[in-house]
Amino acid sequence: EKWLKAELPKWVEEGFITHTSAQEIVAYYETPKKTWLPSFKMVYLLGMIGGTLLLSGLFLLLSYSWGSFPMVLKILFSIFPVGSALYFALWVLENKKDQGYWREWAALAWSFGFGIGLNLMSHTLVQTESMRPLVLIWLVGTLPIVYLLASPILAGVFMLGTWAWGSDENGIAGVMI
């Protein structure tokens, strides 16, 4: 840009461009250009899709090899979702407690981590035929999370789970719970 400003008066003197053209060129290069940045929502959406695909692949790999794992490793895999979600929730309460969306993510992660760990532990240690007792334990374990993190979205999920658990013995629309 400095080079161009130094050359423009020479070009005007030599007759390559007019004085008004030189001013237009300077004005063009002095106006700030909008650099194209991807939308935050698009980056966020693609990150969520990528994370979901990676976790799905990990879950498929674990479920394929689940029968060959020793009992101790199965128990560690069952505790990991609860522990990692609890760590995330405590980090959010310590560092991001004023930001509601962080609390919502932490509450959902903690609740679903608890449900995943509970399901894995029951599958490892006790083979239950019905999900009704597990849903009840998940509901009782999720209720304090709703109040601790003040999460309206998790409260809605809790109410939906309560409705599903309280439905008839055949579950919702005949699907066994």
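One hydrophobic cluster, built from ILVMFWY side chains closer than 4.5 Å, holds both Trp110 and Leu93. Tracing side-chain contacts under 4.5 Å through hydrophobic residues (I, L, V, M, F, W, Y), one reaches Val12 starting from Trp3; they form part of the same cluster. Residues Ile25 and Phe16 share a single hydrophobic cluster, defined by chaining ILVMFWY side chains whose heavy atoms lie under 4.5 Å apart. The hydrophobic clustering, which links ILVMFWY residues whose side-chain heavy atoms are closer than 4.5 Å, places Val26 and Tyr28 together. Ile137 and Leu120 are members of different hydrophobic clusters when ILVMFWY side chains are connected at heavy-atom separations under 4.5 Å.
Among residues two or more places apart in sequence or in another chain, the side-chain contact (heavy atoms from CB on, under 4.5 Å) test is passed with Val157 by Leu108, Phe112, Trp138, Leu154. Residues meeting the side-chain contact (heavy atoms from CB on, under 4.5 Å) test with Leu62, sequence neighbours left out: Leu58, Phe69, Phe77. Residues satisfying the side chain to side chain donor-acceptor pair (under 3.5 Å) test with Glu24, not counting sequence neighbours, are none.
Of all non-hydrogen atoms in Trp66 and Ser78, the two that sit nearest each other are CH2-OG, 4.3 Å. Shortest non-hydrogen contact noted between Pro81 and Gly113 is CB-O, 3.6 Å.
No side-chain heavy atom of Arg103 sits less than 4.5 Å from a side-chain heavy atom of Ser151. Taking the side chain as every heavy atom from C-beta outward, Leu8 and Trp11 approach each other to under 4.5 Å. By the 4.5 Å heavy-atom criterion applied to side chains, Tyr64 and Leu60 are not counted as neighbours.
Atoms CH2 and CZ, on Trp163 and Phe158 in that order, are 15.5 Å from each other to the nearest 0.5 Å. Here the OG-CD1 distance, from Ser84 to Ile116, works out to 9.0 Å after rounding to the nearest 0.5 Å.
When each of Leu143, Leu149, Leu148 is checked for a side chain to side chain contact (heavy atoms under 4.5 Å, CB included) with Ile145, only Leu149 meets the rule. With respect to Ile75, the side chain to side chain contact (heavy atoms under 4.5 Å, CB included) criterion is satisfied by exactly one of Leu73, Ile79, Val72: Ile79.
In this structure, Lys10 pairs ionically with Glu7, as a charged nitrogen and a carboxylate oxygen lie closer than 4.0 Å.
The local environment of CD in Glu14 is crowded, with over 12 non-hydrogen atoms from other residues, nucleotides or ligands closer than 6.0 Å. Surrounding CH2 of Trp105 are at most 12 heavy atoms belonging to other residues, nucleotides or ligands under 6.0 Å away.
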Trp102 vs Trp91, test: side chain to side chain contact (heavy atoms under 4.5 Å, CB included). Steps then yes/no. CA-CA 10 Å; Trp102 280 96; Trp91 179 82; 3.5 Å; yes

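Not one N or O on the side chain of Ser21 forms a donor-acceptor pair closer than 3.5 Å with the backbone of Ile17. Using modelled atom types, no side-chain atom of Ser111 and backbone atom of Ala107 make a donor-acceptor pair closer than 3.5 Å.
Ser68 and Ser65 are not linked by any side-chain donor-acceptor pair at a separation below 3.5 angstrom, with hydrogens and angles left out of the test.
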